[in-house]
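Have a look at the structure below before the remarks.
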Amino acid sequence: MDIGHEPSHTCDACRDEIRLSDLTQHFHRAFSTVTSATPFISMAEVAGVFSSNNSGAKSYTYEESLVPRFISRGVGVGLVTTESIPAGSVVFAEDVAWTTEEENLGCQTPREVNAMLGAKVRAMGDEWLRRFLALPSSLKQDLGVFAGIWDLYQLPIVMNGVRAGIVGLNLAAVNHACVPNCALTIINKYAKDENGNIKTGESPMVGRAVVRALKNIPKDEEITVAYFYGKGQQKARELFSWTEFGFFCSCKACIQPKDVIEIAMDKYWKVERILNHPDTVDLYPAMAFKSAQEVISRLLTCQIRDARVAMIWAKCAMIAGYHSDIARAIYFLAKAYRMLAVLEGSTGVFYRQILIWYETPMVMPGFGATTRGLSTAIEGRNMLDERDVKEKLFMTAAKSDEYIRIHRYHRLSDAKAKQKGSRYLLLPEKPTKPKGAQKLLELDASKSEHFPKHRHEPTTPETVHRNGSGTSNLKQDKDKPSDNTSKGKPQVSKSHSQTSTQETSSGEVCTDPHWDMLDFIRELMADNLDLFPDHHSPTIPETSKKKRKKKSKKGKDSARTEYPSHEGALGGKGGDS
Ligand SMILES: C[S@@+](CC[C@H](N)C(=O)[O-])C[C@H]1O[C@@H](n2cnc3c(N)ncnc32)[C@H](O)[C@@H]1O
């Protein structure tokens, strides 16, 4: 939808990818749909708020704070700010006139082209016509007044696979930059039938252009947008701008190439191919994530915060989805949509697509092809609240062909992380087989330690604390998987009550709510058959039976007082002990 080419369909560099497997095509199709301008009438209506024709609307934009100024011999005139513009602001939004390539080819002579463009421009209204005719052009004599101006100021775009050219009165002075400070979004208006449905067969009508600030733009800086998303090193970008747009890019990044930008652009070009490759997606997911992490950080370092970065986040989400890793997919999609909200506004087409995937990751193309990354949405949302998740998110510790599931990462406390040099402890994928009841309990205790803390889950561990410390130990326990051990071994409880809360030698409380809760309910059901007539005495593991024997010695009442909140939930008195 931003101007430029559709990577999979128009440029030579991308042509090979089209021949790749279905999956790659699927990826491309998914993105070409959302990146090309699609009919979106309501956005045009929303953008109407910013219309310069609307009285009082100008205060929402910075149109009045822009002046045309000579920039350089390479780029000619550009639009420069007369005051600073905060990131995310709409710099200007305006109606644009446009023609499709087909309409141009339909004309037999330059005179016909001029007449066709004249009709388009007149349709924009008198004021627009007047300002259009005031644009200077040396081609008026050769091509005719309208075509002469049009030719100099049009921006070529691709929409739904159709090549077109647009002209806007402010846009006419906005230059391209490979590292732009603004994002350009084009909104199309399509004719509607009597039922309000878009007449897809008809050429779109006049659309609007919205230019948003991608960063804080200081006074006296030129407003630039990406006519195309530059990738590769300067020579490659120059070649592309020449073949596709008819000028040798003379933006700052191309005139004075800096290593940091050149490396980022080159990496971006390579990583885009890596992320699109079906073998990477399927066989080398960790390599894909690591490459993505590197390129994102490089792009951001160069202040490139546009759809290129959002696209990488989105592609990572698709790779995670391919492996049923909902948690990572959600995180990646959240990153993408937050960035797109600034780029496109909350009603942008790409933004809306990503938001749909964020809400229902299962509808992403290719979702669930393998179950290597199996995780839950809750794990993903919890991760959004975590700091320093890079290691877990991008699986930096994994070998290229590995996939480390989210639940294996156990977050360490700051002190421990500093000591270990890593934020997470990587738990084994398949725990070793437990030997006897003791091992089983050990295993169970460790499971409960790294089980994701669900936001909306009842905070069982807090309620089972007997020492009156309330919530204080929950975080400690989470941070210290091995802290419930004394000399490296877990404190194994001897009685039922001790399995739930156990003071360690270090004075910390061990919690094992999941197992005990189940046992407790089973016991309750067994003891109250009249209340639970359907109860068929479930098979209780050996360990539980032993525990029960021991506990029966101790007495049921004591067990109940250990679990006041559970009892409350089951109709008992409840309350903290
Ligand atoms: C919409 S006009 C922008 C205003 C134009 N610079 C002028 O002097 O009128 C687009 C044209 O500006 C030139 N241009 C824009 N960005 C450029 C860039 N990065 N390098 C070189 N020329 C550029 C190209 O000739 C392009 O066709």
Side-chain angles (χ1 to χ4, degrees), residues 2-5 63 66-81 91-99 101 104 117 120-121 124 128 131-140 142-143 145-158 163-186 207-211 214 217 221-258 261-262 265 302-304 306 308:
D2 289 344
I3 59 171
H5 75 299
E63 201 175 326
L66 305 171
V67 287
R69 199 179 287 168
F70 178 77
I71 305 295
S72 69
R73 289 182 67 172
V75 295
V77 173
L79 266 193
V80 176
T81 58
V91 180
F92 65 84
E94 63 182 8
D95 287 342
V96 290
W98 60 310
T99 58
E101 195 178 43
N104 274 320
L117 293 173
K120 295 258 177 194
V121 172
M124 300 294 295
W128 206 94
R131 287 177 64 191
F132 175 85
L133 290 174
L135 293 170
S137 169
S138 54
L139 301 174
K140 286 180 190 171
D142 294 344
L143 303 177
V145 176
F146 294 104
I149 297 172
W150 191 279
D151 224 48
L152 271 191
Y153 298 100
Q154 73 158 336
L155 296 185
I157 61 168
V158 178
R163 282 170 168 263
I166 57 168
V167 173
L169 297 171
N170 287 303
L171 216 49
V174 175
N175 290 311
H176 160 86
C178 293
V179 183
N181 54 18
C182 290
L184 167 62
T185 310
I186 308 293
R208 283 178 73 75
V210 181
V211 172
L214 289 175
I217 305 173
E221 188 167 300
E222 189 197 353
I223 296 288
T224 52
V225 298
Y227 292 5
F228 60 93
Y229 287 121
K231 51 184 154 186
Q233 293 190 349
Q234 185 267 329
K235 281 283 166 214
R237 302 198 301 271
E238 188 183 69
L239 188 66
F240 186 80
S241 72
W242 172 246
T243 51
E244 292 289 317
F245 294 87
F247 63 84
F248 289 104
C249 185
S250 308
C251 73
K252 263 191 204 161
C254 289
I255 288 294
Q256 292 167 326
K258 284 187 187 150
I261 294 178
E262 292 304 293
M265 291 282 198
C302 302
Q303 302 258 306
I304 298 176
D306 54 28
R308 283 170 279 203

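Atoms within a ligand are numbered from 1 in the order they appear, just like the ligands themselves. All residue numbers refer to positions in the sequence shown, counting from 1.
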Please confirm whether Ile71 approaches ligand 1 to less than 4.0 Å, judged on its heavy atoms. no
Protein contact of atom 19 (N) of ligand 1 - nearest heavy atom, named by residue and atom, plus distance: His176 O, 2.9 Å
Nearest heavy atoms of Trp98 and Ala164, plus distance in Å: CE3-CB, 3.6 Å
Using a 4.0 Å cut-off to any heavy atom of Val174, which atoms of ligand 1 qualify? 1 (C), 3 (C)
What residue and heavy atom of the protein are closest to atom 9 (O) of ligand 1, and at what distance? Tyr153 CE2, 3.5 Å
When distances are taken from atom 20 (N) of ligand 1, the protein heavy atom at minimum range is Ser250 N, 2.8 Å
Checking Arg163 side chain against Pro156 main chain: does a donor-acceptor pair fall under 3.5 Å? no
Just jot down the ligand 1 atoms closer than 4.0 angstrom to any heavy atom of Gly74, in number order. 21 (C), 22 (N)
With under 30° as parallel and over 60° as perpendicular, where do the rings of Phe247 and His176 fit, or are they tilted in between? tilted
Would you say that more than 12 heavy atoms from the other residues, nucleotides or ligands in this model lie under 6.0 Å from the NZ of Lys140, or not? yes
Considering Gly76, Cys254, Ala172, Gly168, which one's heavy-atom position lies nearest to atom 4 (C) of ligand 1? Ala172
Is Glu94 salt-bridged to Arg131, going by a charged N under 4.0 Å from an acidic O? no
Quick one: look up the protein heavy atom nearest atom 12 (O) of ligand 1 and list residue, atom name and how far away it is. Asn175 OD1, 3.4 Å
Sorted by chain and number, sequence neighbours left out, ring pair (Phe, Tyr, Trp, His ring centres under 6.0 Å) with Phe132 holds for Trp128
So does Gly230 get a backbone contact from the side chain of Arg308, meaning a donor-acceptor N/O pair under 3.5 Å? yes
Any heavy atom of Ala177 closer to ligand 1 than 4.0 angstrom? no
Students should be able to answer this: which protein heavy-atom is nearest to atom 17 (C) of ligand 1, and at what distance? Phe247 CE1, 3.5 Å
Has Ser250 got a side-chain atom pairing as donor or acceptor with Val75's backbone, closer than 3.5 angstrom? no
Indicate the ring-plane relationship of Phe245 and Tyr227, choosing parallel, tilted or perpendicular according to the 30° and 60° boundaries. tilted
Can any side-chain N or O of Asp95 pair as donor or acceptor with the backbone N or O of Met124 at less than 3.5 Å? no
Less than 4.0 Å is my threshold; does some heavy atom of Tyr227 fall inside it relative to ligand 1? yes
List ligand 1 atoms under 4.0 Å from Phe248, heavy atoms only on the residue side. 20 (N), 21 (C)
Looking only at protein heavy atoms, identify the closest one to atom 6 (N) of ligand 1 and say how far it is in Å. Val75 O, 2.5 Å
Using distance alone, determine whether Gln154 and ligand 1 share an N or O pair under 3.5 Å. no
Give a yes/no verdict on whether any heavy atom in Cys249 is under 4.0 Å from an atom of ligand 1. yes
Number the atoms of ligand 1 from 1 as they appear, then name those within less than 4.0 Å of a heavy atom of Leu171, with their elements. 1 (C)
Among all the protein's non-hydrogen atoms, which is closest to atom 8 (O) of ligand 1, and how far away is it? Val77 N, 2.8 Å
Pairing of Lys235 and Glu262 as salt bridge, 4.0 angstrom limit: no
